[in-house]
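The structure appears below as structure tokens.
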Amino acid sequence: MDKPVHKLFLLDAMALIYRAHFAFIKTPRITSKGLNTSAVFGFANTLLEVLQKEKPTHIGVAFDTSAPTFRHIQFEAYKAQRQEQPEDITVAVPLVKRLLDAMCIPTLVMDGYEADDIIGTIAKEAGQAGFEVFMMTPDKDYGQLVEQHIHIYKPAFMGKGPEVLGVQQILDRWQIRRIDQVIDILGLMGDAVDNIPGIPGVGEKTAQKLIQEYDSIENLITHVDEIKGKLGEKIRENIDMAVMSKQLATIDTRVPVVFDAEDLTVCAGNADKIVALFDELEFKTLKQRVLGIGAPAPAAKVSIPGASGPAAQGQLDLFGNPTQEVGKQPAIVSEGIADDDAPEQAFEDLRLPTTRRTIDNTFHRYHTVDTPELMKSLAYYLSIQDAFCFDTETTSLDTIDAELVGLSFSYLPGEAFYVPVPANRDQALEILANFREVFENERIEKIGQNLKYDILVLRNYDIEVHGTLSDTMLAHYLLEPDKRHGMDILAGSYLNYEPVSITSLIGKKGVKQGTMRDVRIPEITQYAGEDADITLQLNTIFSRELPKVKASKLFREVEMPLLKVLAAMESTGVRLDIDALRDMSAVLENDLRQAESEIYEAAGQSFNISSPKQLGEVLFEKMKLIDKPKKTKTGQYATGEDILSDLENNHVIARRILDYRELQKLKSTYVDALPLLVSRRTGRIHTSYNQAVAATGRLSSTNPNLQNIPIRTPRGREIRKAFVPDNDDFQILSADYSQIELRIMAAFSGDTSMIEAFNQGRDIHATTASKVFQVALDEVTSDMRRKSKMVNFGIIYGISAFGLAQRLAIPRGEAAEIIRAYFEEFSSVKGYMDKVINDAREKEYVETILGRRRYLPDINSRNMTNRGYAERNAINAPIQGSAADMIKVAMINIHDFMKAEKLKSRMILQVHDELVFDAHRDEIPLLKSKVDELMRTAIPLPVKMETGIGIGANWLEAH
DNA sequence: GCGATTGA
DNA sequence: TCAATCGC
């Protein structure tokens, strides 16, 4: 007979409970009494599986306690920012303990030590004593404990079998030479879950490189001066952090427990207790299974070297020992089944599962649908759904020249279908014809991530997407406007899932990057299927989250309808007068050369004027225009507009440089760049609106950015002449809200003098000036008006006294005085601002008129800078955001109106408070009055709203 | 104040 | 990545 093997299994209870809880987060198991049993179920399942398959001879389950550990004492932030433990887990812990008790499995607890310390200590001792030790945990920190007879046992998970990690696997996992380097890696990269800081900016890859080169953190310190660049700087700054992080990541294997094999011997459970518990939890199949197994496997009947006493026998005793304890000190098992009156939560310190789910360890079925029969069948199944998720794979991120490579669909979590689409357009259309009906079906909801993109791509194949939309990117934008909304990030934070990266399919960004067309169908099926599957799952979560922040209505009635409006606007595009731009380009080129030679002459040398570095050197080192030149934060000379404006009277060169800058900007950013963006297919320019970047709720525009076409300077303004109507039957109609933000502020604050000024149609900036400077309205000078206007804007944009002083180029004291006078005159505004900030301190968010939230946790920060920033945002976000809400509603209503009336005119641009139309001459009177009305009445306010509407042969004339 | 773009 | 500049 083979030498008997003593198999000791040590389970990290909380890690396994968390993992089980989150594995069932989408489809939790709820009993008829409403108890969420996911965590207990998952834990029990794993436990039974191990007992059955691995037949351990010894077993122990370690828990953390609430007592502080050396890590807390050493590093106070340790685990401090951990999210509160989900209630379902708090409930699960005593149930798991009851289960262990019933099954006669010992629990290991010791005050002042975490589960990993206890497991580490016992593992080392048992390994010495000749056991094969398996530490059951998903936590990567345990890698440091692995040695010849000590392994990590990753439990089976979502269809993937269990995994045993030995020394070689750990070395491979981290790309290191020795096991003890695991803690060097962790010390450098940190661990967000455990709040181990590490070195900022150093992730897994960098940490591996550093350890490969320097072997250990200690040795790295002695060579720290050799490391160049930003990385070296970061390391030098934070080296203390790394040392401390390494200590924090080190598992203590000297816990004062005595490893007593007998204590951990597998014994038989109490069948009655198990049955009672499983009945209570309504675990029907588990009950069958556990009764089927009968008693767990008996321990090998051998004595264990180094262990005290012989291994226990009599494991068939149904009345096995109650929960056992280890240690020289009495270990505490304080948690009863109901310990509601415990002074603090017993399990505040528990860790989330640190293993990311990926396509390789997660159950899924992603199918390729590539025959006419399968497509017909898929289309049929889609047609009987109330909702499905879809995603397009294309050759380009630009919707105008994107060619469809394939479509993926998902309507059940874990399952998706990928339909490849050939490059040949006729064949592509033939395939798409199968799905036209479901896409255009009004009854079926369409789910996707950044649906505007997919809608525009399909539009190029003459397929319209109808029905309710649900965009996960925009849903998350409403949930967390300040965060990022990419699918990969969402999958990570909401599903603990890391999707297949695009770069693994087509390579890194750059010239060498391939296109989706080059990816083989099996791979792209996995990638695209995963996208649709994950998006569907995210949507389920978000549709539950949105009502919690009262954002469902905003989502369904504003953002989703607006998505369609924006898609239509982008698709329509704007006609550009390319010839006019070419002429301008030639003129600008000429003036640019002129300015250039004058600058060289004045400087006495030629250099690159566009290089702030070279310019600074010429101006301040060679020409010495100022004694004490200002520097930027990187140590360069500052040559910004404010600085050069101050120098204007000192030396002609300053004025010429400013001219040069303006010309250069106009030429490169607009005059030369715009024609290149005209689509070859439509002959028009199709900007792309981003609905989810500006945290206040505003839109942004890219490719090109049509929201920053010049208007301030006469030369810049000329560029607007190139934005022209479709043909001679059309004109450009521009409608903008007059002072929308100030009117909103007047309404929110209820300031009577401001409301009155607006309702009587007076000049608001002059009115402000007359009050702030205490003069009659007709005695307001242009300088007073200018300053008051700045204050008004300052409030809207949330700038500080410092910012105001800078913009007005006046001393800070004067700026503060103007602000003081302003608040004295407009005391309701001051009162409103105070109230907003106070509310924000309490709720840690502010909201717009439609309930769009912006979270401002820093409003209660002790850091002045951060708090000031949050306070300005608290004022600014509701005002700017409500203005954004208002124009969004107006756009939806105008779009609906134009559609209902079947107008030939089109809405083509939105610039924050302005809408631009390509208006058919016959429709202008109707359009004009209707646009005005719909803009003014989009959201009723107790202040009169006004618009300014102009019509012309181009955008400039329409102003 | 923010977001987008450009050029070094 | 940074500095500068355009719009709102």
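For the numbers below, each heavy atom of this structure counts, side chains included, while hydrogens, waters and symmetry mates do not. Chain A is the first sequence line, chain B the second, and so forth, proteins listed ahead of strands; every chain is numbered from 1. All of these numbers come straight from a predicted model, not from anything done at the bench.
A:E559 contributes no side-chain N or O that, together with a main-chain N or O of A:L554, makes up a donor-acceptor pair within less than 3.5 Å.
Rounded to whole angstrom, the span from the CE atom of A:M745 across to the C1' atom of B:dG1 amounts to 15 Å. Rounded to an integer number of Å, the gap from A:Q691 CD to B:dA4 P is 14 Å. Here B:dG1 presents its C1' atom at 13 Å from CE of A:M833, a figure rounded to the nearest Å. Taking atom CZ on A:R854 and atom C1' on B:dG3, their separation rounds to 12 Å, with Å as the unit. Distance, A:D672 CG to B:dG7 P: 9 Å, rounded to whole Å. A straight line from CG of A:L674 to P of B:dT5 spans 11 Å, rounded to a whole angstrom. A:Y689 has its OH atom 14 Å from the C1' atom of B:dG3, to the nearest Å.
No engagement by A:N690 is indicated, since no non-hydrogen atom pair under 4.0 Å with the nucleic acid exists. Here A:N608 lies in heavy-atom contact (under 4.0 Å) with sugar-phosphate atoms only. A:T696 comes within contact range of no nucleotide atom at all, as no heavy-atom separation falls under 4.0 Å. Across all strands, A:Y869 comes closer than 4.0 Å only to sugar-phosphate atoms, never to a base (heavy-atom distances).
Evaluation of the side chain to side chain contact (heavy atoms under 4.5 Å, CB included) rule for A:M584 yields A:L581, A:V671, A:E718, A:I719 as partners, not counting sequence neighbours. Partners of A:R684 by side chain to side chain donor-acceptor pair (under 3.5 Å), not counting sequence neighbours, listed by chain and number: A:D726, A:D918.
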Show your reasoning for whether side chain to side chain donor-acceptor pair (under 3.5 Å) applies to A:N690 and A:S700.
CA-CA 5 Å; A:N690 199 328; A:S700 76; 4.9 Å; no
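Annotation: cation-pi pair A:K613/A:Y637 absent, no NZ/CZ under 6.0 Å from the ring centroid and within 45° of its normal.
With a 6.0 Å radius and a threshold of 12 heavy atoms from other residues, nucleotides or ligands, A:R484 has its CZ atom at or below the threshold.
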Under a 4.0 Å heavy-atom criterion, the protein footprint on nucleotides 3-8 of chain C, written with B, S and -, is SSBBSB
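When each of B:dT5, B:dG7, B:dG3 is scored by its nearest atom to the side-chain atoms of A:S700, the top-ranked nucleotide is B:dG3.
In the model, A:S734 has a side-chain atom that pairs as donor or acceptor with a side-chain atom of A:E914 under 3.5 Å.
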